[in-house]
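Notes follow the structure.
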Amino acid sequence: MALLHETEIQEAMENMDGWILAKDSIEKQYEFGDFAEAMVFVNKVAGAAEEAGHHPDIAITWNKVLLTLSTHSEGGLTRKDLTLAAELDSLV
């Protein structure tokens, strides 16, 4: 899968609520009512990631979940990252 050009990334970011560009990745923090709700979300993320064959980095801090997406094998952002980001947003 090919890396996205900077203009493609910028255009995509305009439609991605809450996602930020962080070097060669995109990330978003989700906040929940408590740890249990955060873990329910993380388990949904795991299922979606397995189905997509593309896995985000996940950091959990009590009621907050930080997801980071990048296509490591390509060294940056690809369409896979944007597609999975949209899918993960739909899980909330």
Side-chain angles (χ1 to χ4, degrees):
M1 178 147 293
L3 286 174
L4 295 173
H5 295 283
E6 190 172 325
T7 54
E8 293 174 296
I9 295 168
Q10 291 303 323
E11 287 174 7
M13 296 300 294
E14 291 175 11
N15 300 315
M16 298 176 68
D17 186 39
W19 288 89
I20 61 168
L21 188 59
K23 294 187 182 182
D24 63 349
S25 63
I26 54 174
E27 61 185 31
K28 182 174 182 176
Q29 181 169 280
Y30 298 83
E31 189 168 337
F32 300 93
D34 58 26
F35 181 74
E37 287 180 22
M39 291 308 299
V40 167
F41 175 68
V42 167
N43 285 320
K44 289 179 185 178
V45 168
E50 279 296 302
E51 190 172 309
H54 191 54
H55 304 89
D57 293 335
I58 303 171
I60 306 163
T61 308
W62 190 64
N63 69 332
K64 295 180 179 120
V65 177
L66 177 66
L67 300 180
T68 305
L69 287 167
S70 181
T71 305
H72 300 294
S73 62
E74 297 297 324
L77 292 169
T78 66
R79 244 340 118 202
K80 280 178 113 173
D81 301 303
L82 303 180
T83 300
L84 186 56
E87 170 132 7
L88 299 177
D89 278 345
S90 75
L91 301 176
V92 177

Problem set entry | Spacing of L77 atom CG and M13 atom CE [to the nearest 0.5 Å] | 8.5 Å
Exercise. If you round to the nearest 0.5 Å, how far is NE2 of H5 from CD of Q10?
Worked result: 14.0 Å
Exercise. Taking S25 for the side chain and T68 for the main chain, is one N or O donor matched with an acceptor at less than 3.5 Å?
Worked result: no
Problem set entry | Gap separating the OG1 atom of T78 from the CG atom of L3, nearest 0.5 angstrom | 7.5 Å
Acceptor/donor pairs from residues 82-92 side chains to any protein atom, 3.5 angstrom cut, sequence neighbours excluded:
| from | atom 1 | to | atom 2 | distance (Å) |
| --- | --- | --- | --- | --- |
| T83 | OG1 | R79 | O | 3.0 |
| D89 | OD1 | W19 | NE1 | 3.3 |
| D89 | OD1 | K28 | NZ | 2.9 |
| D89 | OD1 | Y30 | OH | 2.5 |
| D89 | OD2 | W19 | NE1 | 3.0 |
| S90 | OG | E87 | O | 2.6 |

For this session: Could you please spell out the steps behind the side-chain contact (heavy atoms from CB on, under 4.5 Å) verdict for L4 and D81?
Result: CA-CA 10 Å; L4 295 173; D81 301 303; over 6 Å; no
Exercise. Which heavy atom in H55 sits nearest to a heavy atom in G53, and how many Å separate them?
Worked result: CE1-C, 4.0 Å
For this session: Using the rule that two of Ile, Leu, Val, Met, Phe, Trp, Tyr join whenever any of their side-chain heavy atoms come within less than 4.5 Å, decide whether L66 and I26 are in one cluster.
Result: no
For this session: To the nearest 0.5 angstrom, please state how far the CD atom of E11 sits from the CG atom of N15.
Result: 9.0 Å
For this session: Using the rule that two of Ile, Leu, Val, Met, Phe, Trp, Tyr join whenever any of their side-chain heavy atoms come within less than 4.5 Å, decide whether L69 and I58 are in one cluster.
Result: yes
Exercise. When clusters are formed by joining ILVMFWY residues with side-chain heavy atoms under 4.5 Å apart, either directly or through shared neighbours, do I20 and M16 land in the same one?
Worked result: no
Exercise. So which of T61, L67, N63 actually passes side-chain contact (heavy atoms from CB on, under 4.5 Å) with V65?
Worked result: L67
Problem set entry | Side-chain donor or acceptor of N43 paired with backbone N/O of V40 under 3.5 Å | no
For this session: Calculate, to the nearest 0.5 Å, the distance between atoms CD and CG belonging to E74 and D24 respectively.
Result: 12.0 Å
Exercise. Just wondering, are more than 12 heavy atoms of other shown residues or ligands nearer than 6.0 Å to CG in D17?
Worked result: no
Problem set entry | Hydrophobic cluster membership, V42 vs F35, 4.5 Å side-chain cutoff | yes
